[in-house]
Student: 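The structure's right below; bear with me while I get my questions together.
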Protein chains: 2
Amino acid sequence: MQDALIRKLESFEELTEADREALSALTLRIRKVPARTDLISEGDPPNSVHLILDGYACRYKVLPDGQRQIMAYLVPGDFCDLNVFILDQMDHNIGTISACQVVDIPRQAIVEITDDHPRVTQALMWCALVDEAVLREWLVNVGGRPANLRIAHLICELLLRLEAVGRVTGNSFSFPFTQIDIADTMGLSNVHVHRTLRDLRSLGLIALKRRTLTILDVPRLKALCGYNPNYLHLKNTRWGARRRIPWPSVGRRGSG
Amino acid sequence: MQDALIRKLESFEELTEADREALSALTLRIRKVPARTDLISEGDPPNSVHLILDGYACRYKVLPDGQRQIMAYLVPGDFCDLNVFILDQMDHNIGTISACQVVDIPRQAIVEITDDHPRVTQALMWCALVDEAVLREWLVNVGGRPANLRIAHLICELLLRLEAVGRVTGNSFSFPFTQIDIADTMGLSNVHVHRTLRDLRSLGLIALKRRTLTILDVPRLKALCGYNPNYLHLKNTRWGARRRIPWPSVGRRGSG
DNA sequence: CGCCCACTTGATGCCGATCAAAACCCGTGG
DNA sequence: CCACGGGTTTTGATCGGCATCAAGTGGGCG
């Protein structure tokens, strides 16, 4: 299952055999990284691009009071820092959640493949833009939704992202996050995450055992949080059909 | 004051006279847009790049329940959608806060300038990466800080970003946001935003009158929220000096 | 001058944080 | 094989920050 990247890119753009071979050549030297290990830390100069082939990682920052905030989940097929050569130092950390298989791609290899493979270049830029769109959606999630919808939304997103890289079977997927991880992701306490997950379980929406999450009722879970997958910009998947959602007119919190 | 873009780019990279001229040529056809007007909406196909020359705008989404979440403030010198040609439709809205001067730059003009001006290309990529870094910091802010530190952090960030484009005089700058705007930005209610601003005023940290914000005590305001400007990746400014902050070891919310 | 927002302030209530402690799970070593 | 130990999960009790509701004030613009 090391074709996560190619699968993901093809969910956006058709690739030729030559494109696929060039991509495969990038992923030869695989490195195994244990769980709970930093791949790169705040302040480090970026000297290669990290690509996750297997396992889960996350971006995070630590606030002065010791509070950790997770800003992104990185799943198979995700680049950690595609464009980061432009900047002189990392402004956040990237650490593994589970054990991971990672490849470190030197800058030069990226330059070469983008010079020779325009469709791959397009697809890589698409990756970067989708990562940013996901980040925006997380801000909406944390800023605008109550705890239960937040977690429901996160689960819906993971389903789609993991499905795009072939990591979902029967609406089940690996879920190595602790409740503390989820708490630090959603701006909640671990206790409240637990209670929210229990509620979702008791509603018959999800099941969670032995670090495997199963969504028991996908339509109902999506309806619960009003899930709109447009920000993932998927094309060639079963979820990718475009819909224009008729949003209600602009409204605001409070009595404004 | 239409040199906001050039000033911003030069806070990252030294430009030649030819670079500056090429950039100036982009900004000839200025369009005036009234306050509270969408520049582009969710679902629209992107057909040109918008550059803010004067005034403030924001990115936002509207949730199914009518709740608005603002995800970014766009200030003079900011591009709204630099790379968005890759995607087929907008997944969020961009609307003005105050009256703005905007230029619509056709895709072709961007291609030409990046072909001929490598330093400009670098600087534009830097813009895009900094925008993303700001977005990450906002997620940290909303997810990890209490209301007063959230707002303090936002104000510190605006000071630095506006200073980079010459829009600050004596620690004062234009502040056309309503309390409802701030509420929808920070995931708070307008009432609580008001109380928090009142507290910051009574602490002698800020003053706010006639849509102008003055920071009365910059060091204390920064200390309050533990402000670390590294994510802005500024270089040639009075704040740009690099520091390695010795973060405390990773800790978590809750009793983990 | 008058209307429409935005701002302001008080009262009340709830969502989710915090504190505390027990049960569980799993890898480790005896 | 079982005992041990540390981290995670689970549950209950209590607390607090912020939302919500309501009503009055103020300021800018037509």
Side-chain angles (χ1 to χ4, degrees), chain A residues 34-37 63 65-69 97-99 141-152 175-202 206-213 225 249-256, chain B residues 34-36 63 65-69 97-99 141-152 174-202 206-213 225 249-256:
Chain A
R36 308 288 160 183
T37 305
L63 273 65
D65 66 355
Q67 163 96 262
R68 177 181 65 155
Q69 178 68 42
I97 296 286
S98 63
N141 209 20
V142 171
R145 277 186 262 252
N148 54 346
L149 306 196
R150 257 183 243 187
I151 293 183
F175 196 83
F177 307 100
T178 67
Q179 293 177 357
I180 294 173
D181 291 332
I182 303 173
D184 289 348
T185 304
M186 306 304 250
L188 298 167
S189 70
N190 55 344
V191 175
H192 201 66
V193 167
H194 166 254
R195 294 191 167 119
T196 304
L197 286 173
R198 167 158 54 70
D199 293 347
L200 292 177
R201 257 181 280 148
S202 74
I206 63 170
L208 185 47
K209 71 177 99 134
R210 301 187 40 72
R211 310 266 111 148
T212 296
L213 181 76
C225 60
S249 63
V250 172
R252 306 170 160 131
R253 191 195 308 253
S255 58
Chain B
R36 308 288 159 181
L63 274 65
D65 66 357
Q67 164 97 260
R68 177 181 65 157
Q69 178 67 43
I97 296 286
S98 64
N141 209 21
V142 172
R145 277 186 262 253
N148 54 346
L149 306 196
R150 256 184 244 186
I151 293 183
S174 165
F175 195 82
F177 307 99
T178 67
Q179 293 176 355
I180 294 172
D181 291 331
I182 303 173
D184 289 348
T185 304
M186 305 305 249
L188 299 167
S189 71
N190 55 343
V191 175
H192 201 66
V193 167
H194 167 252
R195 294 190 166 119
T196 304
L197 286 173
R198 166 155 57 70
D199 293 347
L200 292 177
R201 257 181 280 149
S202 73
I206 63 170
L208 184 48
K209 72 177 99 131
R210 299 185 42 71
R211 310 266 113 145
T212 296
L213 181 76
C225 60
S249 63
V250 172
R252 306 170 161 129
R253 190 194 309 252
S255 58

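Model, not experiment: these values are computed from the prediction. Chain letters run A, B, ... following the sequence lines, proteins first and then strands; every chain starts at 1.
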Student: Given atom CG of A:N148 and atom P of C:dC15, what is their separation to the nearest angstrom?
Tutor: 10 Å
Student: Counting side-chain heavy atoms from CB outward, which of C:dA6, D:dA19, D:dT8 is closest to A:R211?
Tutor: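 Among C:dA6, D:dA19, D:dT8, the one nearest the side chain of A:R211 is D:dT8.
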Student: Which nucleotide in the set D:dA19, C:dT9, C:dG16 lies at the smallest distance from any side-chain heavy atom of B:R198?
Tutor: C:dT9
Student: Starting at CZ of A:R145 and ending at P of C:dG16, how long is that distance when rounded to a whole Å?
Tutor: 14 Å
Student: Please report the shortest heavy-atom distance between B:D184 and B:Q69, naming the atom on each side.
Tutor: O-NE2, 3.2 Å
Student: What is the separation between atom CD on B:Q67 and atom C1' on D:dA19, rounded to the nearest whole Å?
Tutor: 11 Å
Student: Assess whether one donor atom and one acceptor atom, taken from the side chain of A:R195 and the base of D:dG12, lie less than 3.5 Å apart.
Tutor: yes
Student: Any idea which of D:dT9, D:dT10, C:dT9 is nearest the A:R201 side chain?
Tutor: D:dT10
Student: Quick one: pull up CD1 in A:I206 and CG in A:L197 and give me the separation to the nearest 0.5 Å.
Tutor: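 Interatomic distance, A:I206 CD1 to A:L197 CG, rounded to 0.5 Å: 5.0 Å.
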Student: Rounded to whole Å, please give me the gap between CD1 in A:I182 and P in C:dA17.
Tutor: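 Whole-Å distance recorded here is 14 Å.
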Student: Which nucleotide wins on minimum distance to the side chain of B:V191, given the candidates C:dC19, D:dC21, C:dG16?
Tutor: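 My answer, after comparing the listed nucleotides, is D:dC21.
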Student: I need the CG-C1' distance between B:D65 and D:dT20, as an integer number of Å.
Tutor: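 Value for this atom pair: 14 Å.
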Student: In this structure, how many angstroms lie between the P atom of D:dT9 and the CG atom of A:L213, rounded?
Tutor: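 Those two atoms, CG and P, are 13 Å apart.
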Student: If you measure from the Lys or Arg side-chain nitrogens to the Asp or Glu carboxylate oxygens, is any gap between B:R68 and B:D181 under 4.0 Å?
Tutor: yes
Student: Should B:H194 be listed as having a side-chain N or O under 4.0 Å from OP1 or OP2 of C:dT9?
Tutor: yes
Student: Quick check for you: to the nearest 0.5 Å, what is the distance between B:L208 atom CG and B:F177 atom CZ?
Tutor: 11.5 Å
Student: Separation of A:D199 atom CG from D:dT11 atom P, in whole Å?
Tutor: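 These atoms are roughly 11 Å apart.
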Student: DNA chain C: A:H192 or A:R210, which has the more 5' nearest nucleotide?
Tutor: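 Going by which nucleotide is closer to the 5' end, it is A:H192.
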Student: CG/B:N148 to NE2/B:H192 distance, rounded to the nearest 0.5 angstrom?
Tutor: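 The distance works out to 7.5 Å.
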Student: Round to the nearest Å and state the distance from B:N190 atom CG to D:dC18 atom C1'.
Tutor: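 Nearest whole value for this atom pair: 12 Å.
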Student: Is any side-chain nitrogen or oxygen of A:Q179 closer than 4.0 Å to OP1 or OP2 of D:dG7?
Tutor: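 For A:Q179, the contact criterion (side-chain N or O under 4.0 Å from OP1 or OP2 of D:dG7) is not met.
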